[in-house]
Amino acid sequence: MLRIDIITIFPDYFREAFDYGIIRRACVAGLVSIRAHDLRAWTVDKHRMVDDRPFGGGDGMVLKPEPIFAAVGSLAGASRRESLAAGKRVVLLSPQGRPFTQALAADLAASEQVVLICGRYEGVDERVADALVTDEISIGDYVLSGGEPAALVVIDAMVRLLPGALGSETSAANESFSAGLLDCPQYTRPPDFEGMSAPQVLLTGNHAEIARWRREASVNKTKRNRPDLLE
């Protein structure tokens, strides 16, 4: 079972997020365990402060290192990157991280435990990235109000890659990015809709021809929408 722990100041954000679809089925089947934890549980002051002003001045607040190190130490059994047991990953969700990809999702899905740290405000004290996390990840070149939406994206991408999570064992292997290309176009009934027809080859039942068409269509769609993937 993959264990996923989320560190956040808004644990209720995730209250119903995993009660639907593939993630719910994976949880019921015992493939994954997901829990959201309130970062304030690891504060020691009476006001339960998790943030403070940035050194050097500037706008906003920064998440303090002490409760984050304590939270990861409690959940993952170590509060330094080099002391983490094999199979454990600590992920900081941050606009400054490396891009999240299908390959990275598969790599994380193969872990024993993944701890996701949701940033907020102006960010997280850099000592967290320097000494604690194994992966600093961004889901895109834009800024969110916090890491919670990014955590949902990362979890969804990971869980669907767990063996047994999808109805078909080949579903994940045939999706976009799995082979370095976008997925081929898909069609369903009716074969003709408002003058637009599904490709005739898909209706023939000739599996070799269908496979050939899908490969060519995948390449063409990648050229049109994501030519960078072919570079």
Side-chain angles (χ1 to χ4, degrees), residues 1-43 48-51 60-77 79 84 87-97 99-102 104-125 128-129 132-140 142-162 164-166 172:
M1 177 188 290
L2 170 62
R3 172 179 169 180
I4 300 175
D5 292 285
I6 309 163
I7 299 173
T8 172
I9 61 172
F10 297 123
D12 286 347
Y13 183 96
F14 300 94
R15 180 177 294 171
E16 298 180 359
F18 307 121
D19 288 341
Y20 305 93
I22 292 170
I23 294 181
R24 179 181 181 277
R25 293 199 301 270
C27 289
V28 171
L31 303 177
V32 63
S33 169
I34 308 173
R35 287 191 61 190
H37 308 270
D38 190 343
L39 178 60
R40 294 181 181 87
W42 286 278
T43 56
R48 305 180 76 196
M49 295 294 294
V50 297
D51 61 333
M61 305 289 278
V62 175
L63 286 179
K64 294 160 58 70
E66 305 102 302
I68 296 177
F69 274 79
V72 172
S74 174
L75 295 171
S79 57
L84 289 168
K88 294 179 182 263
R89 305 280 282 272
V90 178
V91 175
L92 174 61
L93 298 159
S94 157
Q96 292 84 38
F100 186 56
T101 64
Q102 186 78 353
L104 182 50
D107 187 30
L108 291 172
S111 305
E112 173 187 328
Q113 180 187 17
V114 177
V115 179
L116 299 170
I117 302 171
C118 299
R120 271 279 159 179
Y121 311 123
E122 288 301 305
V124 176
D125 188 293
V128 172
L132 181 58
V133 306
T134 60
D135 305 87
E136 187 172 1
I137 292 174
S138 168
I139 64 167
Y142 46 85
V143 178
L144 299 170
S145 298
E148 288 77 14
L152 291 178
V153 169
V154 171
I155 291 170
D156 189 281
M158 280 195 298
V159 170
R160 62 195 320 281
L161 294 176
L162 295 175
L166 299 179

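Hydrogens, waters and symmetry mates play no part in the numbers below; they use all other heavy atoms, side chains included.
Note that OH of Tyr20 is 14.5 Å distant from CG of Asp156, once rounded to the nearest 0.5 Å. Note that CG of Asp125 and CG of Asp51 are 12.0 Å apart. Values are rounded to the nearest 0.5 Å. Between the CG atom in Leu92 and the OG atom in Ser138 there is a gap of 10.5 Å [rounded to 0.5 Å]. Atom SG of Cys27 is separated from atom CG of Leu2 by 9.5 Å, given to the nearest 0.5 angstrom. Between Ile34 atom CD1 and Ile155 atom CD1 the span is 5.0 Å, to the nearest 0.5 Å.
Counting only heavy atoms from C-beta outward, the side chains of Val50 and Trp42 never approach each other to under 4.5 Å. The shortest side-chain heavy-atom distance between Leu161 and Gln102 falls under the 4.5 Å cut-off. Side-chain contact between Val159 and Ile4 is present, with at least one heavy-atom pair separated by less than 4.5 Å. Taking the side chain as every heavy atom from C-beta outward, Phe14 and Thr8 approach each other to under 4.5 Å. In this structure the side chain of Val115 never reaches within 4.5 angstrom of the side chain of Lys88, judged on heavy atoms. Counting only heavy atoms from C-beta outward, the side chains of Val91 and Val154 never approach each other to under 4.5 Å. Counting heavy atoms from C-beta on, the side chains of Leu144 and Leu93 never come closer than 4.5 Å. Taking 4.5 Å as the limit, some side-chain heavy atom of Leu108 sits within range of a side-chain heavy atom of Phe100.
Asp12 meets the salt bridge (Lys or Arg N to Asp or Glu O under 4.0 Å) test with Arg15; sequence neighbours excluded.
Nearest approach of Asp135 to Arg89, heavy atoms of both residues: OD1-NE, 2.9 Å. The two residues Ser33 and Met1 make their nearest non-hydrogen contact at CB-SD, 3.5 Å. Between Leu84 and Ala76 the shortest heavy-atom distance is CD2-CB, 3.8 Å. The shortest heavy-atom contact between Ser111 and Val114 is CB-CG2, 3.9 Å. Closest of all the heavy-atom pairs between Pro65 and Val128 is CA-CG2, 4.2 Å. Across Arg120 and Gly146, no two heavy atoms sit closer than the pair NE-CA, 3.6 Å.
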Verdict with supporting geometry, Met49 and Thr43, side-chain contact (heavy atoms from CB on, under 4.5 Å): CA-CA 7 Å; Met49 295 294 294; Thr43 56; 5.8 Å; no
Val62 vs Tyr121, test: side-chain contact (heavy atoms from CB on, under 4.5 Å). Steps then yes/no. CA-CA 6 Å; Val62 175; Tyr121 311 123; over 6 Å; no
Are Leu75 and Arg3 close enough, and set up right, to give a side-chain contact (heavy atoms from CB on, under 4.5 Å), and what steps lead you there? CA-CA 10 Å; Leu75 295 171; Arg3 172 179 169 180; 3.9 Å; yes
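Panel note: side chain Ser79, backbone Ala70; no donor-acceptor pair is recorded below 3.5 Å. Between the side chain of Arg160 and the backbone N or O of Ala165 there is no donor-acceptor pair closer than 3.5 Å. Checking side-chain atoms of Gln96 against main-chain N and O of Glu136 turns up no donor-acceptor pair under 3.5 Å.
For the pairing with Cys118, the side chain to side chain contact (heavy atoms under 4.5 Å, CB included) check across Ile6, Ile7, Leu39 returns one residue only, Ile6.
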